[in-house]
Amino acid sequence: MNAFEALGLNEKLVQSVTELGFENPTEIQQKAIPILLSGTTDFIGLAQTGTGKTAAFGLPLLQLIDEDQRHPQALIVCPTRELCLQITNDLETFKKHNRKIATEAVYGGASIMMQIRNLKKGVHIVVATPGRLIDLIERKAIDLQKVKYVVLDEADEMLNMGFRDDIDFVLKNTINRESTWLFSATMPPEVRAISRNYMDTPKEVTVGRKNSGNVNIDHQYYIVSAHHRYEALKRLIDFNPGMYGIIFTRTKADAHNISEKLSKAGYEIEALHGDLSQQQRDAVMGRFRSKHLQLLIATDVAARGIDVDGITHVINYELPDDMEVYTHRSGRTGRAGKTGICLSICHSKESYKIRSLEKMINSKFHKLDVPSGKDVCRKQFFYFMEKLMQADVSQGDYETYMPDLVKKFADVSKEEVLQRVASLEFSHFLKYYENAEDLNRNESRSDRKTGNRFEQNMNGSRKERTSFNSRNNGYTRLFINLGTKDGFYKASFLQFILDESNLKKEVLGKIDMREMNSWVEIDQDAAGKMIHAIDGKRYNNRTIRMNEADGGFKRPNDERGRNERSEGRKRIYTSRERK
Ligand code: AMP
């Protein structure tokens, strides 16, 4: 009997997972599926990303759903838009042979009208982020009365992000549920409180970590502005003259452009990306393996399967969104008992990812300062001098020229020779770094506190990302729940957000206005100030919501924002209770 069948899964689901190449259930699947299939048991699964937890709850849900009842029977709530899409995508593949079951992902930052239209068609399973779900409940666009199964995925993350009231609200609005399944990587008191308040003698299962870090790798990170990424990369390469490394980028355009720029500046680097033919790829890899290239720059997809010994450094030009991708990247170094370094260039708002990674790979990350221009020159100089001293002079006919050389340099001091060598070797470095600015930025306070949110991105590990991302070219893209329906046109909207935030027009990029919502590109250094000034304010009797567009970042742990949002929610409860 197939191992999935033995857990009680039906033939169609077993067929799907077999087609996906799953041979055996993971530990969480093994432990959770038989319990969840009962449909009436509350459940707590302490498991993190990468353990196979989506299938652990997704497969039983698909089996429990009554295909003929086209209304929401299951509700999965998760912290981020990326995770929401990932779960929906996984469900789609699991239900390949149960075509009648309809799922819908509802999350912020996308057209709510489209989501409402899809919900109206009748769906069985809704996967939602808390904010958007509550918008839909308020608009009466979703009926949760017949929801039997509620899954809270990454519950600790949702609480970290300030969704406590939202979760309460959702659980209070699903009074006919027969079971609640809670998945969380950790069990802080707030998560315990949810289980105490809303769950009935839940069965609890804990599984070990799948992704433990390699102890031979030193994880380091640097905080810089997004528009200083390239400069920081160059500095880190210059500061590590013996580096034999792979640089990872998210997009092939980045891989290509950076490789071109660094090659022009004299570095031995080539890019590996999806546009290369197999022959070109082999040629690049050949040069890298033989160390004719010091550096390889690649996207995750293009770097798949690369296995090169002796890599000293892996550099994340940008952090990936998916933790698994980070472990894949960093695992290119520190092999076969050797030590390696994995450097990540982050911007100030990404330190929460570092905290999550630390937790997940169970290893400390070291925050280092981007070296100053002087540090780089000093390092290069001593590296060269070290090489000079180690040069092998035992071979070769140097003796022949020595008497003449000694005569020629008779009046020149050792210091002067050293200075001249330095000048020859380092004039370009000294010149380049003469007025080098300090690239270091502070960690964003709220992120440092927030700790452990990590966006999972379905694109991150599966295909190269070419689309716009929320932090492009030094810009951050902000979402705001005001649009033309609120009586704005572009100029008046621009005036409004600038007046409210006391910022200058120059910090803004593109503005994209829709009926209900708008998106604003803003210099990443000014984004926090704008969110701080606007999020939570009232406009025409409505609470304005403003946050980073992709990833649903909501100024977690920012007391002002949280309190005002909570008040907003309380108002909703009151109006509901009055009805
Ligand atoms: P998750 O923890 O749900 O994010 O799953 C992590 C990854 O493991 C996903 O790429 C799944 O497709 C994969 N996966 C889940 N269950 C299994 C299994 N039983 N065998 C092999 N891979 C699996």
Side-chain angles (χ1 to χ4, degrees), residues 1-10 12-37 43-63 74 76-97 103 105 125 127 129 151-158 181-186 205-212 300-301 304 320-329 331 353 356-357 359-362 452-463:
M1 191 195 259
N2 174 294
F4 286 96
E5 207 179 332
L7 298 178
L9 291 171
N10 66 33
K12 287 179 179 171
L13 293 170
V14 172
Q15 199 183 336
S16 295
V17 292
T18 309
E19 284 166 11
L20 277 172
F22 295 4
E23 286 171 9
N24 284 302
T26 63
E27 190 184 353
I28 185 73
Q29 291 160 7
Q30 192 87 42
K31 292 178 172 169
I33 291 174
I35 300 173
L36 301 184
L37 279 174
F43 178 86
I44 295 176
L46 282 164
Q48 53 197 1
T49 303
T51 53
K53 66 182 165 63
T54 315
F57 63 75
L59 295 169
L61 270 189
L62 290 166
Q63 183 150 325
I76 302 166
V77 191
C78 63
T80 64
R81 153 203 172 116
E82 287 73 21
L83 186 54
C84 182
L85 287 165
Q86 170 101 43
I87 294 170
T88 314
N89 195 45
D90 283 356
L91 290 176
E92 287 297 320
T93 53
F94 300 151
K95 72 176 189 67
K96 199 171 153 202
H97 302 288
T103 57
I125 303 178
V127 189
T129 54
V151 183
L152 302 174
D153 194 16
E154 302 204 350
D156 51 353
E157 300 298 328
M158 291 199 276
W181 306 342
L182 181 151
F183 286 81
S184 193
T186 58
V205 154
T206 306
V207 299
R209 290 162 184 271
K210 184 180 150 201
N211 305 293
S212 62
D300 295 295
V301 175
R304 247 179 223 157
D321 281 337
D322 190 320
M323 199 222 42
E324 292 249 342
V325 174
Y326 182 90
T327 28
H328 279 144
R329 288 182 179 184
K353 286 188 179 176
S356 298
L357 284 164
K359 242 173 70 178
M360 289 193 239
I361 64 172
N362 203 14
N452 51 24
R453 179 169 70 102
F454 198 88
E455 298 167 20
Q456 262 204 311
N457 185 334
M458 60 189 290
N459 293 336
S461 55
R462 293 186 187 162
K463 57 180 175 192

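Start at 1 and go down the list; that is how both ligands and their atoms are numbered.
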Are Thr103 and Lys95 close enough that some pair of their side-chain heavy atoms sits under 4.5 Å apart?
yes

Taking a cutoff of less than 4.0 Å between a non-hydrogen atom of the residue and any ligand atom, is Asn24 in contact with ligand 1?
yes

Can you tell me how the ring of Phe22 sits relative to the ring of Phe4, calling it parallel under 30°, perpendicular over 60° and tilted otherwise?
tilted

Please answer whether the main-chain N or O of Asn10 pairs with a side-chain N or O of Gln63 as donor and acceptor at a distance below 3.5 Å.
yes

Taking Trp181 as the fixed residue, which of Leu152, Asp153, Leu61, Ile76 is the one that meets the side chain to side chain contact (heavy atoms under 4.5 Å, CB included) rule?
Leu61

Can you list the atoms of ligand 1 that are under 4.0 Å from a heavy atom of Thr26?
16 (N), 17 (C), 18 (C), 19 (N)

Mark up the atoms of ligand 1 that fall under 4.0 Å of a heavy atom belonging to Phe4, in ascending order.
19 (N)

Is there a polar contact between ligand 1 and Gly21, counting only N or O atoms under 3.5 Å apart?
no

For atom 20 (N) of ligand 1, which of the options Phe22, Phe183, Phe57, Phe94 provides the nearest non-hydrogen atom?
Phe22

Counting from 1 in the order shown, the ligand 1 atoms closer than 4.0 Å to a non-hydrogen atom of Thr54 are 1 (P), 3 (O), 4 (O)

For ligand 1, the portion of Gln29 having any non-hydrogen atom under 4.0 Å away
side chain

Under 3.5 Å, is there a donor-acceptor pair between the side chain of Gln15 and the main chain of His97?
no

Supply the atom-to-atom distance Leu13 CG to Glu5 CD, rounded to the nearest 0.5 angstrom.
11.5 Å

